[in-house]
Protein chains: 2
Amino acid sequence: MKIGELAKRSGLSAYTIRYYERIGLLPYADRDQSSQRDYDASILTWIEFLGRLKTTGMPIRQMLQYAALREQGADTDRQRRELLERHRERVRNHVAELQACLLVLDTKIAGYAGSEKRTKPHDAEQPRQQIRTRQAGAR
Amino acid sequence: MKIGELAKRSGLSAYTIRYYERIGLLPYADRDQSSQRDYDASILTWIEFLGRLKTTGMPIRQMLQYAALREQGADTDRQRRELLERHRERVRNHVAELQACLLVLDTKIAGYAGSEKRTKPHDAEQPRQQIRTRQAGAR
DNA sequence: CTAGGGGTTGGAGTGCACTCTAAGTCAATA
DNA sequence: TATTGACTTAGAGTGCACTCCAACCCCTAG
């Protein structure tokens, strides 16, 4: 599988895949006769797992630690487990925090009682309002 | 209350408070005779709420929208409520996603069976491993 | 009266995680 | 054969959210 195909299958961009390889998050891929990366489908499992770590807010530096231990293989099991356990704990705390925020949000929303009907059927999410730096009125 | 005091009370740095004012997330603060910011304690409630939005992953651009509606006051209630409702939905989805990841993490950790005792009692979290760009070996 | 410890401003710098560009190679198709 | 499109590399650029700096001002205690 070439990089374009892997990009499609993994959801990462080819840019990101190369970047991950460069920093060591993905193992250095075998190249074919014309020095193009040739991937084995098994890489998808690893990318998917990295995605979970990312979703749960693990910084790349820590993923690198995990990746390094994984490449060392032998006898790093305990360290990997401990790393994941510490991460799990952080994620659990974060979830709890989010749930507390949701309660606050519920209260706040309940405060805006009434006004059941909506103006336009969902007006354009985000006018990409420019951040003004006070002095800079014109660009 | 001057900015240093507000920083202490709010948990934000004075830098951040000025930054938030600059971009419009905090209202322009009254200045005293020597043009130093003088805050009313009521600002803390707003900062705390902003903190909730931030914790739940709302980007600053969207907080600005909310802040702008709030400053306009009158008749923006419905829009503010809708904005918060959309945000709440995103947060709920995110929490669900995190919980799914936690299950994966549990499974993964369970896979690293045994190895009950730990080497060193918690070795230094993060050696701040440098991101290598392959070609750049020396800095 | 002077030293210290706040504060003020505009603007520059930082860290993270990508994202893209330029210039080139290569294989397959019109 | 010519061109298209996917790939290669090193390195530059982007967007976000701060974080800090330089040079200055102002008040209070010793």
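On a predicted model such as this, the values are computed, not experimentally measured, just so you know. Naming convention: chains lettered A, B, ... in sequence-line order (proteins, then strands); numbering from 1 in each chain.
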Members of residues 36-54 of chain A that approach DNA chain D, where some heavy atom sits under 4.0 Å away: A:Gln36, A:Arg37

Spacing of B:Leu12 atom CG relative to D:dC18 atom C1', expressed in whole Å: 11 Å

Interatomic distance where CD1 belongs to A:Ile17 and P belongs to C:dC20 [whole Å]: 14 Å

Ion pair B:Arg92/B:Glu89, N-O distance below 4.0 Å: yes

Nearest-0.5 Å distance that lies between atom CZ in B:Arg88 and atom CG in B:Leu83: 12.5 Å

Per B:Ile3 side chain, nearest of listed nucleotides C:dG7, D:dA17, C:dT9: C:dG7

Flag side-chain contact, heavy atom, 4.5 Å: A:Leu98 against B:Leu98: yes

Contact check, side chains of A:Tyr39 and A:Lys2, non-hydrogen atoms, under 4.5 Å: no

Any B:Tyr20 side-chain N or O less than 4.0 Å from OP1/OP2 of D:dA17: no

Atom-to-atom span, OH of B:Tyr28 to C1' of C:dT9 - whole angstrom: 11 Å

Minimum side-chain heavy-atom gap B:Gln36-B:Arg31 below 4.5 Å: no

Distance-only side-chain donor-acceptor flag, B:Thr45 / B:Ser42, under 3.5 Å: no

Validation row: A:Tyr20, A:Ile60 side chains within 4.5 angstrom (heavy atoms): yes

Helix axis bend for the helix from C:dC1-D:dG30 to C:dA30-D:dT1 - C1'-based end axes, five pairs, 10° rounding: 20°

Side-chain donor/acceptor of A:Arg22 to base of D:dG11, under 3.5 Å: yes

Distance in angstrom units between A:Tyr19 OH and C:dT21 C1', rounded: 18 Å

Residue-phosphate contact under 4.0 Å: B:Arg31 side-chain N/O, D:dC26 OP1/OP2: no

Selected nucleotide, minimal atom distance to A:Lys2 side chain, candidates C:dC18, C:dG7, D:dC7: D:dC7

Nearest-nucleotide 5' precedence on DNA chain D, B:Ser34 against B:Met58: B:Met58

Rounded distance (Å) that lies between atom C1' of D:dA17 and atom CD of B:Glu21: 17 Å

Gap between atoms CD1 and C1', on B:Ile60 and D:dC18 respectively (whole Å): 8 Å

Closest to the A:Pro59 side chain, choosing from C:dT9, C:dA17, C:dC20: C:dA17

B:Arg37 side chain reached by B:Glu21 side chain, heavy atoms, under 4.5 Å: yes

Length of the line joining A:Ile23:CD1 and C:dC16:C1', which is rounded to integer Å: 10 Å

Residue pair B:Tyr19 / B:Ser13, side-chain heavy-atom distance below 4.5 Å: no

Qualifying residues under ring-ring contact (aromatic ring centres under 6.0 Å, His included), relative to A:Phe49, sequence neighbours excluded: A:Tyr66

Minimum-distance nucleotide to A:Arg61 side chain [options: C:dC16, D:dC16, D:dC18]: C:dC16

Separation of atom CG in B:Leu6 from atom P in C:dG6, rounded to whole Å: 16 Å

Upstream residue (5' side of DNA chain C) when A:Gln33 and A:Arg18 are each assigned their closest nucleotide: A:Arg18

